[in-house]
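The block underneath contains the structure these notes are about, expressed in structure tokens.
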Amino acid sequence: KEKYFNGYSRLKHHDIRSTFKSITGILAAIAFDKGILDPEERVVPLLSRFHKLETVTSLKTRIKVKDLLHMVSGLDCAEMPGSNGSNHEFGIDEGSTPLKYGFSIDMAMEPGREWHYCNANTFLLGVAISAGLERAGTPGIDNFAKENLYTPLDIIEYRTFTTPDGYLYAAGSARFAPHDLAKFGL
């Protein structure tokens with residue numbers, strides 16, 4: 001029998017925080033499977049579809065979609081509790097222009113070398129998925145998620161958020177009922 005605590009119930013939506021990063025990863029996998037996006041694709045041309053990138057360095061031109069997915073982008077960002085790295089969580093989570101902010105983070109190393117937990121990686125992955133969808137002439141990421149993930153899993157009620165500059169907040173804080181979240185296998 002299901003049990004809920006602290007005022008929650010089967011139907012009350014929970015703020016799933018960073019668990020949504022896994023859902024963004026599933027959306028990336030679906031986009032790969034459908035040929036909309038390639039994991040080996042470089043992200044600068046994708047992100048440039050939406051914003052003039054002002055801080056493109058030779059290292060940044062080497063970031064691939066898979067580097068964002070695996071959190072090995074090389075960005076100087078380490079937000080794991082107890083880490084000593086640069087924390088950019090609030091620039092992504094609460095900033096007015098997260099795309100500009102996220103891509104302006106300095107590079108710490110070559111992409112693909114070292115894993116660092118960082119909201120910017122998943123946020124930028126969401127923008128890259130959106131760019132791939134736009135390039136393919138398909139509906140935006142919200143419709144893509146609904147048609148290819150939520151509806152097939154019979155998830156009808158949920159809430160996702162958009163950043164002030166108009167992108168899916170792919171790094172976290174969506175709202176799902178517990179029984180729907182379990183359908184993802186998370």
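Computed from a predicted structure; not experimentally measured.
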(message) A side-chain contact here means heavy atoms from C-beta on lying under 4.5 Å apart; do D165 and F50 qualify?
(response) no
(request) List the steps and the verdict of side chain to side chain contact (heavy atoms under 4.5 Å, CB included) for D154 and I156. (result) CA-CA 6 Å; D154 196 31; I156 298 166; 3.8 Å; yes
(request) Kindly say whether N119 contributes a backbone atom to a donor-acceptor pair with the side chain of T122 at under 3.5 angstrom? (result) no
(request) Establish whether L153 and I23 are linked, either directly or via other cluster members, by ILVMFWY side-chain heavy-atom contacts under 4.5 Å. (result) yes
(message) Do the side chains of K183 and D180 get close enough for a salt bridge, i.e. N-O under 4.0 angstrom?
(response) yes
(message) Strictly distance-based, threshold 3.5 Å: is any side-chain N or O of T24 a donor or acceptor partner for the main-chain N or O of A170?
(response) yes
(message) Please tell me whether F20 and Y158 form a close aromatic pair, meaning their ring centres lie under 6.0 Å apart.
(response) no
(message) Could you work out, with salt bridge (Lys or Arg N to Asp or Glu O under 4.0 Å) as the rule, every residue matching R42, not counting sequence neighbours?
(response) none
(message) Check whether S130 reaches the backbone of G126 with its side chain - one donor and one acceptor, N or O, closer than 3.5 Å.
(response) yes
(request) Look at the rings of H14 and Y8 and say which category their plane angle falls in: under 30° parallel, 30 to 60° tilted, over 60° perpendicular. (result) parallel
(request) Check side-chain contact (heavy atoms from CB on, under 4.5 Å) between D33 and all other residues, then give those that pass, not counting sequence neighbours. (result) none
(request) Mark yes or no for whether T55, through its side chain, and F103, through its backbone, hold a donor-acceptor pair below 3.5 Å. (result) yes
(request) Would you check if Y4 and R10 make a side-chain contact, meaning some heavy-atom pair closer than 4.5 Å? (result) yes
(message) Measuring only between side-chain heavy atoms, which start at C-beta, is N143 closer than 4.5 Å to L133?
(response) no
